[in-house]
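A quick write-up on the structure given underneath.
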Amino acid sequence: MTKAKKFSISALVVVVPVVLLAYSSGPDPKYTGAPGENTCTQCHGGTALNGGGGKVSASFSTGTNYTPGQVTHVTLTVSDPKNTHAGFQMAAKTASGANAGDFTAGSGQQVLCPSGSGKSGASCPGNGVEYIEHDRPSSSMTWTFDWTAPSTDVGTVTFYFAGNAVNLNGQDTGDHVYTSSATLTAAAGGGGDQKPTVAQNGVVSAAAFGGFATFGSGSWLEIYGTFPGLNSQTWAGSDFSRNNAPTSLAGVSVKVNNKLAYIDFISAGQINVQAPDDDSTGPVQLVVTTPGGSSDAFVITKVTASPGVLAPASFIIGGKQYVVAQHADGTYVGPPAGVPGVTMSPARPGETVVIYGIGWGAPTNAGTIVQGTANLANEPTFAFNQTAATLVYGGPSPGFVGLYQFNVTVPNVADSNVVPLKITVPGSTVAQTSLFTAVHN
């Protein structure tokens with residue numbers, strides 16, 4: 001058993017790196033344009049700061065106020081009349097320039113400390129200023145994340161932020177850099193209810209695998225809401241008991257149909273869990289418990305299986321959703337240069353590629369690191385452009401928790417960078433009905 005291979009939804013959601021020119025994973029700290037800091041014009045030239053005809057803006061769920069110790073949902077947007085991708089960086093500071101509060105990174109984001117290292121605990125060493133930024137470029141040019149206010153009234157808090165709209169021409173020219181700021185003041189009263197709240201429609205299976213509103217035993221669930229006082233944390237090897245995943249992380253637990261789920265990730269705005277094994281189907285209750293209390297029950301529908309395959313938004317190429325498939329050497333199947341910064345090439349007829357999934361039902365062994373192979377009770381069929389493929393193996397992925405793999409031999413089909421992929425499951429449905437791949441002889 002290799003604990004380093006434990007499957008994490010948080011890791012697979014960002015399985016594919018992409019490039020934003022010199023700073024594919026975000027700039028170094030101190031590029032927000034705050035007093036005494038740089039801006040990204042040092043690396044992206046061609047236009048004066050704030051001179052590209054667009055802007056960077058931020059909105060806050062609490063308006064112009066913050067409540068000490070409570071979570072504010074932040075939405076940051078870069079708009080630009082020309083460029084199609086963007087990155088950002090933001091910091092929150094008191095009037096004296098000290099760090100204020102705690103950022104929780106969402107998908108495609110990271111939080112850095114002043115040294116440039118990633119934040120690994122509740123705060124940066126010495127309560128240094130935190131910098132939240134992209135870790136891959138966004139074609140939507142919009143990011144959402146959470147900021148937990150300081151536990152006491154620290155006066156006004158100013159958010160400094162920069163956005164960089166880029167054209168991906170590989171020359172660092174024609175890019176547009178924007179900066180702005182926003183100030184929040186402490187609301188009267190402070191404190192507030194620490195009880196966790198699950199958002200309306202806030203529970204789905206893992207988004208990168210389809211984001212379904214139903215789930216089965218062993219499915220991975222993303223729970224969205226407000227979870228006061230939680231800092232971002234992903235399970236570690238020390239949280240496991242031999243081959244068994246944790247059912248509690250930093251005092252947080254989740255029950256699904258009154259059975260403990262297995263917790264992979266917690267934060268102030270999102271919790272990821274693997275559903276426990278359970279023969280029940282139909283409406284069941286999900287309850288989140290944190291050190292601040294327990295949430296009201298959230299009702300979600302449980303089914304025998306709710307299968308999905310890995311097909312994240314970063315694999316949308318030319319407006320079509322490509323499945324994540326890997327060659328034997330670990331590179332990805334797809335049109336050459338289909339995803340910036342990712343090594344991709346078409347599959348060849350007769351080649352066996354690997355596709356990944358979650359929620360495929362028995363055998364599940366929920367919460368356990370898989371030690372060997374076992375075929376699915378209901379094996380799917382794969383068809384490339386309506387030509388049946390051979391499934392060499394379909395079942396739990398050894399060395400991981402809650403991950404399935406499908407070793408599929410590509411059939412002899414005509415060369416194309418846009419090959420429809422159809423997956424059929426006996427007695428169930430794969431909601432991802434419009435998937436594509438690439439095949440060349």
Side-chain angles (χ1 to χ4, degrees), residues 3 6-11 66-73 99 101-107 111 113 118-125 127 130 132 145-152 190-199 202-204 206 219-278 284-298 300 366-369 401-402:
K3 289 202 170 182
K6 293 186 302 295
F7 168 56
S8 164
I9 283 290
S10 306
Y66 70 87
T67 300
Q70 298 301 292
V71 174
T72 292
H73 305 295
N99 182 65
D102 169 54
F103 285 112
T104 300
S107 177
V111 180
C113 296
K119 187 180 70 168
S120 59
S123 60
C124 291
N127 196 33
E130 298 181 10
I132 187 168
F145 47 89
D146 290 333
W147 175 73
T148 303
S151 58
T152 59
D193 188 5
Q194 296 291 306
K195 179 180 175 179
T197 302
V198 178
V203 182
V204 294
S219 289
W220 280 95
L221 299 175
E222 294 174 349
I223 306 168
Y224 295 93
T226 302
F227 310 113
L230 300 191
N231 295 305
S232 298
Q233 183 175 338
T234 301
W235 69 20
S238 59
D239 296 311
F240 277 65
S241 175
R242 299 194 176 187
N243 292 328
N244 300 314
T247 55
S248 177
L249 199 61
V252 178
S253 62
V254 175
K255 283 189 175 181
V256 181
N257 201 24
N258 209 34
K259 298 177 183 292
L260 285 169
Y262 303 93
I263 299 189
D264 160 48
F265 171 77
I266 62 172
S267 73
Q270 178 178 348
I271 296 173
N272 296 341
V273 303
Q274 187 195 19
D277 284 329
D278 181 5
V284 298
Q285 294 185 340
L286 179 149
V287 176
V288 175
T289 299
T290 72
S294 295
S295 71
D296 294 335
F298 182 97
I300 185 171
T368 302
I369 300 173
V401 174

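- Side-chain contact between Pro68 and Thr152 is absent, with no heavy-atom pair separated by less than 4.5 Å.
- Just one residue in the list Leu286, Val204, Ile266 forms a side chain to side chain contact (heavy atoms under 4.5 Å, CB included) with Ile223, and that residue is Leu286.
- The shortest heavy-atom contact between His73 and Gly225 is CE1-O, 3.9 Å.
- A pairwise comparison of heavy atoms in Tyr66 and Ala149 identifies CD1-CB, 3.6 Å as the closest pair.
- Tested against Asp264 for a side chain to side chain contact (heavy atoms under 4.5 Å, CB included), the candidates Leu249, Leu221, Asn272 yield a single pass: Asn272.
- The two residues Gly101 and Pro150 have their closest heavy-atom pair at N-CG, 3.5 Å.
- Residues Thr289 and Ser294 have side chains that bring a donor and an acceptor to within less than 3.5 angstrom of each other.
- Heavy-atom minimum distance, Phe265 versus Ser232: CE1-CB, 4.3 Å.
- Using the six-membered ring where Trp is involved, Phe103 and Trp147 have ring planes that are tilted, between 30° and 60° apart.
- The shortest distance between side-chain heavy atoms of Ile369 and Arg242 does not fall below 4.5 Å.
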Exercise for the section: Under the side-chain contact (heavy atoms from CB on, under 4.5 Å) rule, what do Ser295 and Val287 come out as? Steps first, then yes or no, please. Expected result: CA-CA 6 Å; Ser295 71; Val287 176; 4.0 Å; yes
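- Judged purely by atom type and a 3.5 angstrom limit, Asn244 has no side-chain atom pairing as donor or acceptor with the backbone of Pro246.
- With respect to the salt-bridge test (charged N to carboxylate O, under 4.0 angstrom), the residues Asp277 and Lys259 do not qualify.
- The minimum heavy-atom distance between Ile263 and Trp235, with the atom names listed, is O-CE3, 3.1 Å.
- With Val203 as reference, Ile300 is the one residue of Val254, Ile300, Val256 to meet the side chain to side chain contact (heavy atoms under 4.5 Å, CB included) rule.
- Side-chain contact between Val401 and Tyr262 is absent, with no heavy atoms from C-beta onward closer than 4.5 Å.
- Taking the side-chain contact (heavy atoms from CB on, under 4.5 Å) definition, one finds that Asn258 meets it with Lys255, sequence neighbours left out.
- A donor-acceptor distance shorter than 3.5 angstrom exists from the side chain of Asp146 to the backbone of Gly269, with no hydrogens or angles considered.
- Remark: side-chain polar atoms of Glu130 are not paired, donor with acceptor, to backbone N or O of Asp102 under 3.5 angstrom.
- Across all their heavy atoms, Pro228 and Pro196 have their closest contact at CD-CA, 4.2 Å.
- Separating the CG atom in Asp296 from the CD atom in Gln285 is a distance of 10.0 Å, to the nearest 0.5 Å.
- A distance of 5.0 Å separates CH2 of Trp220 from CD of Gln274, quoted to the nearest 0.5 Å.
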